[in-house]
S.K.: 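Handing you a structure now.
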Amino acid sequence: MDTDNVPGDVPDADERSRQLIGLLAEENRLRAFAAVALGARSTRQVAETAGLPLKDTALALLRLREQGAVTDGGEDGLAVAHDLLRELARPRGAERSARPAAGDVVATFVRDGRLLRLPAQWTRKQQVLRHIAERTFEPGVAYPERVVNERLRAWCEGSDGIDHVTLRRYLVDLHELRRSEGVYERVRPPAA
C-alpha cells in the first residue's frame, strides 16, 4: 500500500490499516473517497459530488489510487477497493490462527471473521448469532438496510448455505436487531 516501500518490504496489516486511516485523514481525500463510495464514477462526478475543485479532486483520486483505496473499474469507472477493506478488517495474529478449543461453540462455527455454517442446535445458533451481532453492530446506532446487508455479506463469504438475508432475518427474529422502516438498530443488552 505504501509506494515508498522497497520490493519485498510488504507492510503488515496493522501498518496498512494505519496508512489507510492516514490517507483518509486528509479532508479532500476523504470527501473524494466518500463520493466514489456513493457512486461517482469519473473525476468530474467525484468533484461535483464532493464539492471540490477539479484539480483538488484529481490529486486526491491519484493518491487514493496509488494507495489502493480506489480502483479504476474499467468500463464502470472508479470504485472503492472493497477487497482491501475486507482484508484489513479481518482479525489478525493469534486470534486468526487459533483453532477452536473444545466446547467453544463460536470458534467451531466462526473462523477468520467468517461464518462457516450455522449450528443446527437452536441454543448454539443463538450463541453464534449473538456473537455476530456484537462484533458487527453498535447498540443504539441506526443502520440503513444497505449497510446491514454489506456488513453481514462479509460474514457469509465462503459459508456453506448461509446468506446475508438469512442471517439478517435470524438476527431480527432473535431480537438482536430491531427493524423499522428499512432501518436496523442493535438492541441494547440488558443491564446486569
S.K.: Run the salt bridge (Lys or Arg N to Asp or Glu O under 4.0 Å) test against Arg65 and tell me which residues pass, sequence neighbours left out.
M.R.: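 Partners of Arg65 by the salt bridge (Lys or Arg N to Asp or Glu O under 4.0 Å) criterion, ordered by chain and then number, come out as Asp72.
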S.K.: To the nearest 0.5 Å, tell me how far Leu115 CG sits from Thr166 OG1.
M.R.: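 Answer rounded to 0.5 Å: 10.5 Å.
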S.K.: Can you list everything that forms a side-chain contact (heavy atoms from CB on, under 4.5 Å) with Glu27? Sequence neighbours excluded, please.
M.R.: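 With neighbours one apart ignored, the set is Arg31.
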S.K.: Is the shortest side-chain heavy-atom distance between Glu185 and Leu177 below 4.5 Å?
M.R.: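 SC-SC contact between Glu185 and Leu177 ruled out.
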S.K.: Sequence neighbours excluded, which residues qualify as side-chain contact (heavy atoms from CB on, under 4.5 Å) partners of Glu181?
M.R.: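 Per chain and number, Glu181 pairs via side-chain contact (heavy atoms from CB on, under 4.5 Å) with no residue.
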S.K.: Looking at every non-hydrogen atom in both residues, tell me the closest pair between Gly68 and Ala81 and how far apart they are.
M.R.: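 Distance-wise, the nearest heavy atoms are O-CB, 3.0 Å.
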S.K.: Step by step, work out the side-chain contact (heavy atoms from CB on, under 4.5 Å) result for Leu20 and Leu85.
M.R.: CA-CA 9 Å; Leu20 180 61; Leu85 298 178; 3.4 Å; yes
S.K.: What's the spacing between Arg117 CZ and Thr108 OG1 if we round to 0.5 Å?
M.R.: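 If we round to the nearest 0.5 Å, Arg117:CZ and Thr108:OG1 are 8.0 Å apart.
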S.K.: Holding to side-chain hydrogen bond (donor to acceptor under 3.5 Å, both in side chains), I want the full list of residues that pass it with Arg178, two or more places apart in sequence or in another chain.
M.R.: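 In terms of side-chain hydrogen bond (donor to acceptor under 3.5 Å, both in side chains), with neighbours along the sequence ignored, Arg178 is linked to no residue.
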S.K.: Is any side-chain heavy atom of Val80 less than 4.5 Å from a side-chain heavy atom of Thr71?
M.R.: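 Answer no - side chains too far apart.
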S.K.: Name the one of Asp163, Ile162, Leu167 that satisfies side-chain contact (heavy atoms from CB on, under 4.5 Å) with Val165?
M.R.: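 Going through the options one by one, the only one that passes is Asp163.
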S.K.: Using atom types as modelled and distance alone, determine if a side-chain donor or acceptor of Glu138 lies under 3.5 Å from a backbone N or O of Val141.
M.R.: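 Flag not set: sc Glu138 to bb Val141 has no pair under 3.5 Å.
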S.K.: Under the salt bridge (Lys or Arg N to Asp or Glu O under 4.0 Å) rule, what pairs show up with a residue in residues 164-176, not counting sequence neighbours?
M.R.: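 Every pair satisfying salt bridge (Lys or Arg N to Asp or Glu O under 4.0 Å) with a residue in residues 164-176: Arg130-Glu176, Glu145-Arg168, Glu176-Arg186.
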S.K.: With sequence neighbours excluded, tell me which residues meet side-chain hydrogen bond (donor to acceptor under 3.5 Å, both in side chains) with Arg44.
M.R.: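 By the side-chain hydrogen bond (donor to acceptor under 3.5 Å, both in side chains) rule, Arg44 matches no residue at all.
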S.K.: Ignoring hydrogens and angles, write down the donor-acceptor pairs under 3.5 Å from the side chains of residues 45-60, residues two or more places apart or on other chains.
M.R.:
unit_1	atom_1	unit_2	atom_2	d
Gln45	OE1	Arg41	N	2.6
Gln45	OE1	Ser42	N	3.3
Thr49	OG1	Gln45	O	2.9
Thr57	OG1	Pro53	O	2.9

S.K.: Measure the shortest side-chain to side-chain distance between Phe137 and Val148 over non-hydrogen atoms and say whether it is less than 4.5 angstrom.
M.R.: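 Sidechains of Val148 and Phe137: in contact.
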S.K.: Verify the neighbour count for atom CD of Gln121: are there more than 12 heavy atoms of other residues, nucleotides or ligands below 6.0 Å?
M.R.: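 More than 12 within 6.0 Å, yes.
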S.K.: In chain order, what residues pass the side-chain hydrogen bond (donor to acceptor under 3.5 Å, both in side chains) check against Thr43, with sequence neighbours excluded?
M.R.: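 Result, side-chain hydrogen bond (donor to acceptor under 3.5 Å, both in side chains) vs Thr43: none returned.
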S.K.: Applying side-chain hydrogen bond (donor to acceptor under 3.5 Å, both in side chains), can you list everything that pairs with Asn28, at least two apart in sequence or on another chain?
M.R.: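 Counting only residues at least two positions away or on another chain, Asn28 forms no side-chain hydrogen bond (donor to acceptor under 3.5 Å, both in side chains).
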S.K.: Looking at Leu23, Val70, Leu78, which one forms a side-chain contact (heavy atoms from CB on, under 4.5 Å) with Phe33?
M.R.: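 Considering Leu23, Val70, Leu78, a side-chain contact (heavy atoms from CB on, under 4.5 Å) with Phe33 is found only for Val70.
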S.K.: Measuring only between side-chain heavy atoms, which start at C-beta, is Phe109 closer than 4.5 Å to Leu129?
M.R.: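 Side chain of Phe109 against side chain of Leu129, heavy atoms only: no contact under 4.5 Å found.
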S.K.: Would a single hydrophobic cluster contain both Val147 and Leu152, if residues Ile, Leu, Val, Met, Phe, Trp and Tyr are joined by side-chain heavy-atom contacts under 4.5 Å?
M.R.: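 Per the 4.5 Å side-chain linkage, Leu152 and Val147 are co-clustered.
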S.K.: Tell me, please, which residues at least two apart from Tyr170 pass ring-ring contact (aromatic ring centres under 6.0 Å, His included).
M.R.: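 ring-ring contact (aromatic ring centres under 6.0 Å, His included) check on Tyr170 returns nothing, list empty.
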S.K.: By side-chain contact (heavy atoms from CB on, under 4.5 Å), which residues pair with Ser180, not counting sequence neighbours?
M.R.: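 Expected list: none.
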S.K.: For Arg151 and Tyr143, work out which heavy atoms get closest and say how close.
M.R.: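 Nearest heavy atoms, Arg151 then Tyr143: NH1-CE2, 3.4 Å.
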S.K.: I need the minimum non-hydrogen distance between Leu116 and Arg111, along with the two atoms involved.
M.R.: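 Nearest heavy atoms, Leu116 then Arg111: CD1-NH1, 3.7 Å.
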S.K.: Is any side-chain heavy atom of Pro144 less than 4.5 Å from a side-chain heavy atom of Val183?
M.R.: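 Heavy-atom side-chain distance check fails, nothing below 4.5 Å.
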S.K.: Any salt bridge between Arg153 and Glu150, counting N to O under 4.0 Å?
M.R.: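 No salt bridge links Arg153 with Glu150.
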S.K.: Set out, in order, the CA-CA distance, both residues' side-chain angles and the distance that settles side-chain contact (heavy atoms from CB on, under 4.5 Å) for Thr123 and Gln126, then state yes or no.
M.R.: CA-CA 5 Å; Thr123 55; Gln126 287 175 306; 4.1 Å; yes
S.K.: Taking atom CZ of Arg29 and atom CZ of Arg63, what is their separation to the nearest 0.5 Å?
M.R.: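 That separation rounds to 5.5 Å.
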S.K.: Is the closest side-chain heavy-atom distance between Leu64 and Val36 below 4.5 Å?
M.R.: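 Of all side-chain heavy-atom pairs linking Val36 with Leu64, none is under 4.5 Å.
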S.K.: List the residues meeting side-chain contact (heavy atoms from CB on, under 4.5 Å) with Arg179, not counting sequence neighbours, and say none if there are none.
M.R.: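 So Arg179 forms a side-chain contact (heavy atoms from CB on, under 4.5 Å) with Val172, Tyr184.
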S.K.: Distance check, rounded to the nearest 0.5 Å: Glu66 atom CD versus Leu61 atom CG?
M.R.: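 One gets 11.0 Å once the value is rounded to the nearest 0.5 Å.
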